[in-house]
Every structure is written in structure tokens, then in C-alpha cells.
Amino acid sequence: MTTRKQRITGNWKMNLALDEALELARGIRNRVRAHVDSDVAVCPPYPYLEPIAQLLKDSPVQVGAQDMDAFASGARTGAVSGPMLRSVGCSFTLVGHSERRAIFGDTNEIVSAKLRAALEHDLDVTLCVGESLEQREAGTTFDVVLEQVESALSTIQAGQMNRIVVAYEPVWAIGTGHTATPAQAQEVHARIRSHIGHLYDADIANSLNIQYGGSVKPDNAATLKSQPDVDGALVGGASLDPESFIQIIRT
Ligand code: 13P
């Protein structure tokens, strides 16, 4: 049985001015220095990636983007490509965040293309999946989530799976304070893992890191992280305060 390292990622979303973002990154760097049991990562807004990657260069904290375009370059006003992210010091990117899906129209097909492009450009990927409240109430959580996983990974070979993290983020739990119960998170994580076993093999399924996201706070992180198939957290609001982010890492 593989022991998976916990991974805690802060998704800063569209928050903070540059000086605030640098201060937050410094605060995390100074606190994480003594604590490297977990993988720790942050996803600042695009304009801050380069200075923050510089600031965190000699620390264990990884820097990633919140999204990326599926194309490497071209007439795509406002878009940011994988090679650009690599060139400013990112080691990974999120794709498929529910806010990208709901607000910006990222379909499963687009998410799949972005994921493939990220790997082509040597970026690791955190693939975000999750059902809406309506879908949960209609009893289609597993169908929705497994379809998102399967479609995003449709062109991904077994040998590339060590570059992928999956983040299960139920939409109804994001920014609402309504965290999924540890049992609800565990149930979906276990289904994702067994589906990965079916798509690839048991070793790949056992090695896959599956983070939970949705109103993770210092006071609920421990019980969530203690579930057998929960391998860390993708944290929004609570990652904007270095003290609460570090408490989530340390629980
Ligand atoms: P909150 O932690 O603010 O609920 O956000 C979760 C999230 O969407 C992280 O990607």
C-alpha cells in the first residue's frame, strides 16, 4: 500500500494587490520553512506569478497558475499559455476549477485540452472536479464527477499520471462555509480512486493524490485530512491568511 504525501494548495483566486500578495507569500515562506512533511503550493493571480516564484525559489513552496490556455501562442487576447507559465517559474497549473467551468464556460472538452497542453509544456496539473448542489440533490454526484475525471484524462497515458493531482471540490461547499462532511468527502474520493484503478491500474490509483476543497478551515482540516482517501486540501479563502493556511498544513 502506497503512502501518499499530503498536499496543501492555496488558491488565491482574484484577490489581493501586489504588495499584499508578496506579503502573504513571505508569510507562508517564513512559516513553512520549518515544516516540510506536506507538499505546499500556492496559486497566485497571473500578474504576481513571476515575483512570487522568485520569492519562493529557495523554499519548498511550489508556485502554480489558477488556469491556462490550451494553445501555446497566438491571437487569443487575454489568454495565458503553458510555455508562459513555465517561463515565469510555475511548476503546475489548476485546470477545470468549477469557477472556470461555471463563469468562463470551460466544458469537459476544454478542460481535457488544457490538461493535455499543460503536460506537453512540462507543467504538472491539479484537475478540479465537483458536482453542483442540484446534481447532488438529484443523486448524480458520482456520474458527474467520474465523467469529469474520465473526460479530462481521456488522452492521458498511464506514464503521465504521476504528474496529475485530482481536487474534489463540491460546488456547494466552495466559499459557502458548508464544508462536505468527512464521510461525504471520503465517499467521493474513494469512488474517484477506484475509477482511476479501473481506467489505469491499482498502483496508479493508490499513488494518486486526491485533495478535497470547499470551505476548508483550520478547525475542519484535521478530520477531513484523516480520511483514508483524502490526501490534502485545495484551500480558497483560508489560504489568504498565512496563519490559517499554516494551521491547515500543520493539522
Ligand atoms: P474556499 O476554501 O474559499 O471554499 O474555496 C475553495 C476553492 O474553490 C479552492 O479552489
Side-chain angles (χ1 to χ4, degrees), residues 6-16 20-21 24-25 28 38-46 48-49 52 61-68 85 90-104 106 111 114-115 118 123-133 135-136 141 144-145 148-149 152 164-182 184-185 188-189 192 209-225 227 230-251:
Q6 292 271 325
R7 179 178 175 84
I8 313 295
T9 307
N11 175 8
W12 298 359
K13 306 192 180 182
M14 195 174 73
N15 291 297
L16 309 174
E20 296 167 326
L24 174 57
I28 294 168
S38 306
D39 287 330
V40 179
V42 293
C43 298
Y46 285 137
Y48 313 149
L49 286 170
I52 288 179
V61 183
Q62 299 166 28
V63 178
Q66 299 172 14
D67 189 53
M68 63 163 262
L85 296 177
C90 287
S91 60
F92 75 103
T93 183
L94 309 182
V95 299
H97 193 282
S98 64
E99 287 149 16
R100 297 295 319 178
R101 294 178 191 261
I103 305 169
F104 301 97
D106 283 11
V111 172
K114 288 182 173 184
L115 191 153
L123 290 160
D124 292 346
V125 177
T126 296
L127 165 67
C128 305
V129 298
E131 83 287 1
S132 67
L133 183 60
Q135 290 164 334
R136 175 159 282 262
T141 295
V144 170
V145 169
Q148 287 172 339
V149 168
I164 310 268
V165 168
V166 173
Y168 169 57
E169 299 202 299
V171 178
W172 47 271
I174 296 178
T176 60
H178 299 300
T179 321
T181 64
Q184 283 173 322
V188 179
H189 284 226
I192 293 172
N209 184 298
I210 308 179
Q211 297 177 304
Y212 167 80
S215 299
V216 176
K217 309 286 176 210
D219 61 1
N220 60 28
T223 45
L224 286 161
K225 285 166 69 180
Q227 300 301 305
V230 177
D231 310 314
L234 179 53
V235 187
S239 73
L240 297 175
D241 170 43
E243 208 42 61
S244 65
F245 188 54
I246 231 67
Q247 280 179 37
I248 291 168
I249 295 166
R250 287 194 175 142
T251 49

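Numbering of ligands and ligand atoms starts at 1, following listing order.
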Asker: Verify whether one side chain among His97 and Glu169 offers a donor that lies under 3.5 Å from an acceptor in the other.
Answerer: yes
Asker: Give the numbers and elements of all ligand 1 atoms closer than 4.0 Å to a heavy atom of Asn11.
Answerer: 9 (C), 10 (O)
Asker: Checking a contact table here: which protein heavy atom is nearest atom 5 (O) of ligand 1, and how many Å away?
Answerer: Lys13 NZ, 3.2 Å
Asker: Have a look at ligand 1 and work out which part of Ile174, if any, has a heavy atom under 4.0 Å from it: side chain, backbone, both or neither.
Answerer: both
Asker: Considering only non-hydrogen protein atoms, determine which one is nearest to atom 2 (O) of ligand 1 and report residue, atom name and distance to 0.1 Å.
Answerer: Gly236 N, 2.9 Å
Asker: For the CG atom of Leu234 and the SG atom of Cys128, what is their distance to the nearest 0.5 Å?
Answerer: 5.5 Å
Asker: Quick check: does any side chain N or O of Asn11 sit under 3.5 Å from a backbone N or O of Gly236, one acting as donor and the other as acceptor?
Answerer: no
Asker: Out of all atoms in ligand 1, which are within 4.0 Å of some heavy atom of Ala173? Include the element for each.
Answerer: 4 (O)
Asker: For ligand 1, is there an atom lying under 4.0 Å from some heavy atom of Ala167?
Answerer: no
Asker: At a 4.0 Å threshold, what atoms of ligand 1 neighbour a non-hydrogen atom of His97?
Answerer: 7 (C), 8 (O), 9 (C), 10 (O)
Asker: Just jot down the ligand 1 atoms closer than 4.0 angstrom to any heavy atom of Leu234, in number order.
Answerer: 9 (C), 10 (O)
Asker: Within the side chain of Ser215, is there an N or O that forms a donor-acceptor pair under 3.5 Å with the backbone of Ala173?
Answerer: yes
Asker: Indicate whether any N or O donor in one side chain lies under 3.5 Å from an N or O acceptor in the other, for Gln211 and Thr126.
Answerer: no
Asker: Test your reading of the model: is there a side-chain donor-acceptor pair from Gln6 to the backbone of Val230, 3.5 Å cut-off?
Answerer: yes
Asker: Mark up the atoms of ligand 1 that fall under 4.0 Å of a heavy atom belonging to Gly214, in ascending order.
Answerer: 4 (O), 6 (C)
Asker: Quick one: does any side-chain atom of Tyr212 pair with a main-chain N or O of Ala180 as donor and acceptor, under 3.5 Å?
Answerer: yes
Asker: Just to confirm my output: which protein heavy-atom neighbour is closest to atom 3 (O) of ligand 1, and how far is it?
Answerer: Gly237 N, 2.8 Å
Asker: Is the backbone of Gln66 close enough, under 3.5 Å, to the side chain of Lys13 for a donor and an acceptor to pair up by distance?
Answerer: no
Asker: Just by distance, do the side chain of Lys225 and the backbone of Ile248 share a donor-acceptor pair under 3.5 Å?
Answerer: yes
Asker: Does Ser215 have a non-hydrogen atom less than 4.0 Å from ligand 1?
Answerer: yes
Asker: So is Gly213 touching ligand 1 or not, going by heavy atoms under 4.0 Å?
Answerer: no
Asker: Counting non-hydrogen protein atoms only, what is the nearest one to atom 7 (C) of ligand 1? Give residue, atom name and distance.
Answerer: Glu169 OE2, 3.0 Å
Asker: If you measure from each heavy atom of Lys217 to ligand 1, is any distance below 4.0 Å?
Answerer: no
